2 protein chains.
Amino acid sequence: MTERALTGLATDVVVFTITDHRLRVLLVQRSGEPFSGYWSLPGGMVPINEALDDCASRMLREKTGVHGVYLEQLYSFGRPERDPRGRVVSVSYYALVPPARLPSLPAESQRLAWKPVDALPELAFDHGDIIAMAHRRLAAKLEYSTIALQFMGERFTLSELQSVYETILGEQLDKRNFRKRVRNLPCIEDTGERFRAGKHRPARLFRVTRPDRVDIIK
Amino acid sequence: MTERALTGLATDVVVFTITDHRLRVLLVQRSGEPFSGYWSLPGGMVPINEALDDCASRMLREKTGVHGVYLEQLYSFGRPERDPRGRVVSVSYYALVPPARLPSLPAESQRLAWKPVDALPELAFDHGDIIAMAHRRLAAKLEYSTIALQFMGERFTLSELQSVYETILGEQLDKRNFRKRVRNLPCIEDTGERFRAGKHRPARLFRVTRPDRVDIIK
DNA sequence: AAAGTTAGTGTCGTTCGTACACTATGTCAA
DNA sequence: TTGACATAGTGTACGAACGACACTAACTTT
């Protein structure tokens, strides 16, 4: 049994993005003990004068350079044994980064990578539980909020949006029913424009009217 | 500006009950500074070796003697200025105590009281925010889970259950629609018994089949 | 001009939510 | 014993939302 002297408060952030039709999480490979070689969520200790939200936001910015994206507190994990070095309670958050705003990860650091949620490497601490809970929360929010729009860029097609839903839920959706649901959301608006890609009919481009807002539906 | 040296982790518990057709919260009147005379949630520092859930559960038991009731983590509040004495992050919980299990509060301590949520006294720290969030969460869960059953005793009438909904939501519900919804929940079962009270027709008594479980509906 | 590829659309049946008012069964008092 | 009182208990009809389901439209390439 390790000495239990240290005590601390950390934030960990589950940073989601979608690329290549897979939901991915930003992970850092640990170099020191404990869990050397294992992967962990970006996070760190909360400075004495920093709000929890600010700390999570800063963690995200320091690792990715991304700011101003959707960020929400998830849960606090506090099993005494979760960190073998001592008592560390983690206030966890999750963030959504649209693929269009993906930073190019610094090439030197192979220790930072976007790993698919359905094929995670070995994770340190209880970070597997944290990611699982974040994924559940995200999937649940798809059903009753407009949170999925946080993954979209400036303009997008309905097929792209549908693909986001399918990727997060892990199941196919009916195209006509999906469009029925989504077309009369007040926060989505048809720009008259079209988007051509490949040898087929071009798609209408849509825009989010209030990109910063996540509305609760119903 | 006060010295910001102290740092700590606390849990605070919003303990709900319903009596007299009002949703009530257990509050403690503070005697020392800061916020002397103000009311606050039962809570306290988390010991280094205690899990967060266990700590919240213990807080509840120490103040009320109640144990084994519904208890769920709510949110972590961590604005640096929330406690003027120093940095204290609060991992907040909420608990539901059925009126039937209400403890008789120790008569000596007038400092412990069940205050109606719609007429709260002056609250210390950010405890008003915590209670508001707990109330919102509870009301939201009424819609898509069987959480309201946590307020019921061993046997109960549908009118009593409806009253719980109405008290938490702060609005009247239609009796026939309510009964339609609730009658075919698999977790509610008609005991053949009747309950007579007053000079009117006696009501059927129901029972929860799995009192410990809260199911998600739909 | 034909083949390939994705975009885009409508109907029907079912279920769910909601609005709405009267009868049933007990107690109590005159 | 009977009538007044108080709460328990019940059904229907309408509109909205949801889910299953298959074909046509528009563009590119060869």
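Sequence lines set the chain letters: A, B, ... in the order given, protein chains first and strands last, and positions in each chain run from 1. These numbers were taken from a predicted model, which means no experiment stands behind them.
The two residues B/L149 and B/I188 come nearest to each other via the heavy atoms CD2-CD1, 3.8 Å. The minimum heavy-atom distance between B/L71 and B/Y93, with the atom names listed, is CD1-CB, 4.0 Å.
Between the CG atom of A/L185 and the C1' atom of D/dA17 there is a distance of 14 Å, rounded to whole Å. Computed from coordinates, the B/E160 CD to D/dT7 P distance equals 13 Å when rounded to whole Å. Spacing between atom CZ of A/F178 and atom C1' of D/dA17 amounts to 17 Å, rounded to whole angstrom units. Atom CZ in A/R181 sits roughly 13 Å away from atom P in D/dA17 (whole-Å rounding). If you take CG of A/L173 and P of D/dC18, they are 13 Å apart, rounded to a whole angstrom.
Residues passing the side-chain hydrogen bond (donor to acceptor under 3.5 Å, both in side chains) test with B/Y165, sequence neighbours excluded: none. Listed by chain and number, the residues in a ring pair (Phe, Tyr, Trp, His ring centres under 6.0 Å) with B/F195 amount to none (sequence neighbours excluded).
Here the options are A/T19, A/T17, A/D118, the test is side-chain hydrogen bond (donor to acceptor under 3.5 Å, both in side chains), and the partner is A/R24; only A/T19 passes. Put simply, the residue from B/R155, B/R204, B/R207, B/R179 that forms a salt bridge (Lys or Arg N to Asp or Glu O under 4.0 Å) with B/D190 is B/R204.
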(request) Carefully, step by step, assess A/F77 and A/M133 under the rule side chain to side chain contact (heavy atoms under 4.5 Å, CB included). (result) CA-CA 11 Å; A/F77 293 81; A/M133 185 182 283; 4.0 Å; yes

(request) Could you please spell out the steps behind the side chain to side chain contact (heavy atoms under 4.5 Å, CB included) verdict for A/L120 and A/L27? (result) CA-CA 9 Å; A/L120 291 170; A/L27 293 178; 4.2 Å; yes

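If you check residues 188-206 of chain A against DNA chain D, the residues with a heavy atom closer than 4.0 Å are A/G198, A/K199, A/H200, A/R201, A/P202, listed by number.
The outermost nucleotides of DNA chain C lying under 4.0 Å from heavy atoms of chain A, listed 5' to 3', are C/dG4 to C/dT11.
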Every protein N/O lying under 3.5 Å from an N/O of nucleotides 11-16 of chain D:
unit_1: D/dT12; atom_1: O4; unit_2: B/K180; atom_2: NZ; d: 3.0

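In this structure, B/S159 reaches the sugar-phosphate backbone alone: every heavy-atom distance under 4.0 Å involves primed, P, OP1 or OP2 atoms, never a base.
Residue pairs satisfying the side-chain hydrogen bond (donor to acceptor under 3.5 Å, both in side chains) criterion with at least one member in residues 121-133 of chain A, sequence neighbours excluded, are listed as follows: A/R82-A/D126.
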